[in-house]
Participant: 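Sharing a structure here in structure tokens format.
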Amino acid sequence: MSLPKAYDPKSCEDRIYKMWEESGVFRADAASAKEPFTISMPPPNATGQLHLGHAVMLALEDVFIRFQRMSGKEVLWLPGTDHAAIATESVVIKKLQKEGMRDPRAQLGREKLVAKIAEFVEQSRGTIRSQIRKMGASCDWSRERFTMDPMLSRCVNEVFVKMYGDGLIYRGHRIVNWDPKMQTTVADDEIEYVEEKVPFYTFQYGPFQISTSRPETKFGDKYVVMHPDDPRYAKYKDGDTFTAEWINGPVTATVIKDKVIDPAFGTGVMTITPWHDHVDFDLAERHKLQKEQIIGFDGKLLPIAGEFAGLHIEDARPKVVEKLKAKGLLVKIDEAYIHRVAKSYRGSGVIEPQIKEQWFIDVNKAVVPWKRRKLSLKEIMQDVVHTKLVTIIPERFGKIYFHWIDNLRDWCISRQIWWGHRVPVWYREGKGAMDMHVGVQPPQGEGFEQDPDTLDTWFSSALWTWSTLADPALVEDFSLSLEELLKQSPDYQKFHPTQVMETGYDILFFWVARMILMTTYATGDIPFETVYLHGLIRTRDGKKMSKSDPSTMIDPLDIIPKYGADALRLSMIVGQSPGADSRLFEEKIAGYRNFVNKLWNASRFVLMQCGQAGIDSRSVGTQEWKVESLADRALIYELGRVTTEVSQGLQHYRLSEAGDRLYSFVWDFFCDWYLELSKGEANIPLLVTAMRKILQLLHPYCPFVTEELWDSFREKDDGMLIAHPWPQSLSSGKAGETASKEFQILIDVITAIRKLRSDQNVEQGKEVDVTIVTKEFGDLLASQQAHIKRLARAATLEITDRAGKVENAASAFLTGLEIHMSLEGLVDFEKERASLMKEKLQLQQFVASSKAKLANEEFIARAPANVVGLEREKVKEIEEKLSKIETRLKNIPS
RNA sequence: GGGUGAUUAGCUCAGUUGGUCUAGAGCGUCUGGUUUACACCCAGAAGGUCACAGGUUCGACUCCUGUAUCACCCACCA
């Protein structure tokens, strides 16, 4: 069998993926006796395309999954998509507008628009499915879910009803972030602040001067607020009233004193607009002040604005300023004022706070039974992380998480858009009051009308780890409570809680925190044991890749055909630490493409050796392989070590470290030395065994090449590599360690000779005579002379222990035709001895001084007991180190 | 304003309980190479006061304090 000279990912990736998928290895079995290992794939938004953020998520999770699958776990990796309420609706509306529809909401109506969005989503999900496959993700497609599937929707309703019953969901008039463009509320987290330079006006308001950047909201202002301790305004008392000339004539205003006012800012006095500002709203609530709406939900001024009514706020501003100026009330304008404007994270308009009736989740009400206490949702979120039921990697995000919870306000869950889960509440005119029905199903009676609002998209995705595992066959069985439903769902029983939640740190609050909140509340169990957070992928210059600037974007779909999915995966995993942003650029990917190719060629070489020896590479394992050479022994030892280290690394989610270890093992040890030395005297059974192990170890990282190569090394009883058991680490004990050390000496000698040749400008390829003078390693080097001769191009090699000509007996000398100088490579042991001696001396000094201290009665009497204890412990520790150093010194041949 | 992190070779980054780190890798640069797989390769070289200043220690890139620069997150000012 002969393989092409270079690995061509294009020619095999799709074929291999198809083979895996059709074989059924991706499919999890809820009836299996094996220990489960579950990851719920963070569902990409059902809009548009996958980007590098998704690619890194898929790569990391696939490594976890493949490792655990090979390690004998029953793995479930459940894929799916999120309906992404606002994001999707706004994408589709924009699309329709581009196609010429002026106002799609009004023109189509609810039902038709939702149908249009559903159509778009279906298409988009198809794209996403194929992109996930391109990355090699070995997820269980038979269990693919969508947040708006019937069963997932039912879970949403179940949880809503349960929370309502517990008094955790309430409806109230509160100030919310209103997006006039999308005509919906937006969550606190979904707002980002953009700095803008705007004029900052100061006006005369009765006896006070007040400043504002938004004069157009000031029509209804009839309170002035100042700090109670501000001496400038000491003569005014809380509750005092006065008359002020204002935009549309005189108003009666009231003085309010409150500590939120910063006396140092502006004039230290402000008027308030409670309907359109969070802080003012809180203040108004505290002092029970009147609130008036100034701006309509369409962003235009209401009748209270008098002559300005109907104007859009943007247009009204200069006109209002003009009028105030004409009245002589404008004191000054500061043109360089930096103001932070709230904008929607979803990329639509400027946020205008408004008071609206909305649904909220109360995060402070202590009604949730947890460990024989009643806790609030906030407290539950804190408890599960504090008690390490949920571990966050990297740890520092725990702090950020707690900080976020401390500042968490009630969560507004209703949205005024149409795409999403409709609030499961129905109303009808009743006798005197409104009839309200909150239920999983619509009410029986006549005349009920469902709440027009939909739920925040994170409400449904917060249930993702388990709503996806509820048995869809039971969706119509409404006799079952949520608890019973889950009890009767085999997947839920087998695979929940999940083991790892792997996602970007940017959605720690949006999603991870809310999953912990909702899942722990709804199921009484955590959603996952470990949270593994990855960082953002940035450009080479450290900039964010943004859709608005396509030149900064790297599209996985451009990279994969060029470099292969394996190379892309490696470049996003190796050399990255969790939670840290990283930069990606083509050269980096090319570097890992080269590695993949190196692996390919190493296999090719091994296969060639098999061919030359007339051995079938697929039936070597049945033969006994014998350990022949020093290199063989060293290989076995190193193979054992790398297996142990990689297994441990993967177990502890240290993917980068383990990957890096494999990279250098394969390239620097296996290819550069073992394969080179095996030329001419290949131990084929061992070579094939090593190759098989390497493919197994690398498979989680680069599944495609390894599976492709596996075909050449697969024995009769082997299936696909993806399903092959993870290699056990062979232990070869002391003998192996010695072999490894001796092998290192051989490498050092060869390297040293090569370096000498280079220093002496010996022509490449020209053979020289070499003399090595050594006391300790004569036998070793003599047994390896063929290798030294070949790899260092030595015509003759003399090894002697005559140290006569040499001052330092420990250093070796090389004598070529014209070369006679000292060789540095061999003195490692000497150096080691020297450094160990130095360390030993230092430690001995410490032990001596410390013991003297401990013998001193005065010290013992005066020092606190724990200090003495610590000192003793430290002495013990150092003495242990000393004894280790002793043994190491003894092991150095002298 | 509060918080978190980063600062190691020209560039991108590793360095997990302080002691084989006399600080490594990849890319780039330079020199030389058709050696029984691989030029997506091989052999070598140059290049670092581990941001700065103190402290703890027998010993600090690693721990502590402070400073500087950068990045991000949270809150938000009328």
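Below, chain A is the first sequence line, B the second, and so on; all start at residue 1.
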Participant: Between C1' on B/A39 and NZ on A/K598, what's the gap in Å once rounded to a whole number?
Facilitator: 11 Å
Participant: Any base atoms under 4.0 Å from A/D280, or only sugar-phosphate, or nothing? Heavy atoms, all strands.
Facilitator: nothing
Participant: Quickly work out the A/D230 CG to B/A78 C1' distance and round it to whole Å.
Facilitator: 14 Å
Participant: Please work out if A/G575 contacts a base, only the sugar-phosphate, or nothing of the nucleic acid, heavy-atom cut-off 4.0 Å.
Facilitator: sugar-phosphate
Participant: To the side chain of A/R538, which of B/C41, B/A78, B/A71 is closest?
Facilitator: B/A71
Participant: Does NZ or CZ of A/K257 fall inside the cone over A/Y233's six-membered ring, less than 6.0 Å from its centre and within 45° of the axis?
Facilitator: no
Participant: Which nucleotide, in any strand shown, forms a Watson-Crick or G-U wobble pair with B/A14, with both distances under 3.5 Å?
Facilitator: none
Participant: Tell me which nucleotide, if any, is Watson-Crick or G-U wobble paired with B/C63 when both distances must be under 3.5 Å.
Facilitator: B/G55
Participant: Using a cut-off of less than 4.0 Å, is there contact between a side-chain N or O of A/H278 and OP1 or OP2 of B/A78?
Facilitator: no
Participant: Taking the P atom of each, how far is B/U35 from B/C42, in whole Å?
Facilitator: 13 Å
Participant: Where the side chain of A/R409 is concerned, which of B/U36, B/C76, B/A78 is the nearest nucleotide?
Facilitator: B/C76
Participant: Across all strands, who's sitting opposite B/U35 as a Watson-Crick or G-U wobble pair, both distances under 3.5 Å?
Facilitator: none
Participant: If you only use heavy atoms from C-beta on, which nucleotide in B/A78, B/C40, B/C38 is closest to the side chain of A/N601?
Facilitator: B/C38
Participant: Taking the minimum atom-to-atom distance to the side chain of A/E676, which one of B/C77, B/C38, B/U4 wins?
Facilitator: B/C38
Participant: Separation of A/L675 atom CG from B/U35 atom P, in whole Å?
Facilitator: 17 Å
Participant: Over all strands shown, is A/H652 touching base, sugar-phosphate only, or nothing at heavy-atom distances under 4.0 angstrom?
Facilitator: nothing
Participant: Is A/S656 reaching over with its side chain to a backbone N or O of A/G575, donor-acceptor style, under 3.5 angstrom?
Facilitator: yes
Participant: Indicate, with a heavy-atom threshold strictly under 4.0 Å, whether A/K679 touches base, sugar-phosphate, or nothing.
Facilitator: base
Participant: To the side chain of A/T751, which of B/C38, B/U20, B/G44 is closest?
Facilitator: B/G44
Participant: Can you tell me which nucleotide in B/A43, B/C41, B/U4 comes closest to the side chain of A/I400?
Facilitator: B/U4
Participant: Considering only the P atoms, how many Å lie between B/U31 and B/U49, rounded to the nearest integer?
Facilitator: 25 Å
Participant: For B/A14, does OP1 or OP2 lie under 4.0 Å from any side-chain N or O of A/S577?
Facilitator: yes
Participant: Pick the C1' atom in B/G18 and in B/U57, then give their distance to the nearest Å.
Facilitator: 9 Å
Participant: Counting side-chain heavy atoms from C-beta on, which of B/A37, B/A78, B/C74 comes nearest to A/C671?
Facilitator: B/A37
Participant: Would you tell me if any nitrogen or oxygen in the side chain of A/W667 comes within less than 4.0 Å of OP1 or OP2 on B/C42?
Facilitator: yes
Participant: Report the C-alpha separation of A/V512 and A/Y505 in whole Å, then their side-chain angles, then the decisive distance to 0.1 Å, and conclude whether the side-chain contact (heavy atoms from CB on, under 4.5 Å) test is met.
Facilitator: CA-CA 9 Å; A/V512 178; A/Y505 66 73; over 6 Å; no
Participant: Checking all strands, does A/D672 fall into the base, sugar-phosphate, or nothing category for heavy-atom contacts under 4.0 angstrom?
Facilitator: sugar-phosphate
Participant: Using atom P of each nucleotide, how far apart are B/C61 and B/U34 to the nearest Å?
Facilitator: 44 Å
Participant: Could you measure between the two P atoms, the one in B/U8 and the one in B/A71, and give it in whole Å?
Facilitator: 15 Å
Participant: Taking all non-hydrogen atoms of both residues into account, name the closest pair between A/K378 and A/D406 and its distance.
Facilitator: NZ-O, 3.6 Å
Participant: Would you mind classifying the nucleic acid contact of A/T271 as base, sugar-phosphate or nothing, using non-hydrogen atoms under 4.0 angstrom?
Facilitator: sugar-phosphate
Participant: How would you label the contact of A/I261 with the nucleic acid (heavy atoms, under 4.0 Å): base, sugar-phosphate, or nothing?
Facilitator: base
Participant: What's the gap between B/C70 and B/G54 when it is taken at their C1' atoms, as a whole Å value?
Facilitator: 23 Å
Participant: Which nucleotide in the set B/A43, B/A37, B/U4 lies at the smallest distance from any side-chain heavy atom of A/K399?
Facilitator: B/U4
Participant: Remember a base hit wins even if backbone is also touched, and classify A/G680 as base, sugar-phosphate or nothing at under 4.0 Å, heavy atoms.
Facilitator: base
Participant: Please classify the nucleic acid contact of A/V260 as base, sugar-phosphate, or nothing, using heavy-atom distances under 4.0 Å.
Facilitator: nothing
Participant: Look only at the side chain of A/S617 and the backbone of A/S712, and say whether a donor-acceptor pair between them is shorter than 3.5 Å.
Facilitator: yes
Participant: Please give the distance between the C1' atoms of B/A53 and B/U7 as a whole number of Å.
Facilitator: 15 Å
Participant: Under a 3.5 Å distance rule, please check whether A/W673 uses its side chain to pair with a backbone N or O of A/A631 as donor and acceptor.
Facilitator: no
Participant: Looking at A/F281 and A/P274, what are the two nearest heavy atoms and their distance?
Facilitator: CB-O, 3.5 Å
Participant: Could you pick out which residue, A/F265 or A/Y7, lies toward the 5' side of RNA chain B when each is mapped onto its nearest nucleotide?
Facilitator: A/Y7
Participant: Return the value, rounded to whole Å, for the distance between atom CZ of A/F605 and atom C1' of B/C42.
Facilitator: 14 Å
Participant: Can A/F669 and A/F665 be said to form a ring-ring contact (aromatic ring centres under 6.0 Å, His included), step by step?
Facilitator: CA-CA 5 Å; A/F669 180 85; A/F665 171 75; 5.7 Å; yes
Participant: Where do A/T202 and A/S211 land on the side chain to side chain donor-acceptor pair (under 3.5 Å) test, with the steps shown first?
Facilitator: CA-CA 4 Å; A/T202 301; A/S211 303; 3.1 Å; yes
Participant: Is the gap between the ring centers of A/Y592 and A/Y563 under 6.0 Å?
Facilitator: no
Participant: Taking any heavy-atom pair under 4.0 Å as a contact, classify A/Y592: base, sugar-phosphate, or nothing.
Facilitator: nothing
Participant: CG of A/L536 versus P of B/U4: gap in Å, rounded?
Facilitator: 21 Å
Participant: Rounded to whole Å, how long is the line connecting atom CD of A/E586 with atom P of B/C40?
Facilitator: 15 Å
Participant: Look at all strands and tell whether A/F200 reaches a base, only sugar-phosphate, or nothing, counting heavy atoms closer than 4.0 Å.
Facilitator: sugar-phosphate
Participant: Assess whether one donor atom and one acceptor atom, taken from the side chain of A/R593 and the base of B/C40, lie less than 3.5 Å apart.
Facilitator: yes
Participant: So does A/R396 get a side-chain nitrogen or oxygen closer than 4.0 Å to the phosphate oxygens (OP1/OP2) of B/U4?
Facilitator: no
Participant: Looking at B/U35, I'd like to know if its phosphate oxygens (OP1 or OP2) sit under 4.0 Å from a side-chain N or O belonging to A/R793.
Facilitator: no
Participant: With rounding to whole Å, what would you report as the distance between B/A75 and B/G59 at their C1' atoms?
Facilitator: 45 Å
Participant: Given atom CG of A/D541 and atom P of B/U12, what is their separation to the nearest angstrom?
Facilitator: 8 Å
Participant: Between B/C74, B/A37, B/A71, which nucleotide gets closest to the side-chain atoms of A/N407?
Facilitator: B/C74
Participant: So, is A/K544 near the phosphate of B/C72, with a side-chain N or O under 4.0 Å from OP1 or OP2?
Facilitator: no
Participant: Between A/D581 and A/R790, which has a closest nucleotide on RNA chain B that is more 5'?
Facilitator: A/D581
Participant: Starting the side chain at C-beta, find the nucleotide from B/A78, B/G2, B/C41 nearest to A/H403.
Facilitator: B/G2
Participant: Under a 3.5 Å limit for both distances, which nucleotide forms a Watson-Crick or G-U wobble pair with B/A71, could you say?
Facilitator: B/U4
Participant: Is A/N594 near enough to B/C41 that one of its side-chain N or O atoms lies under 4.0 angstrom from OP1 or OP2?
Facilitator: yes
Participant: Between atom CG in A/D506 and atom C1' in B/G5, what is the gap in whole Å?
Facilitator: 16 Å
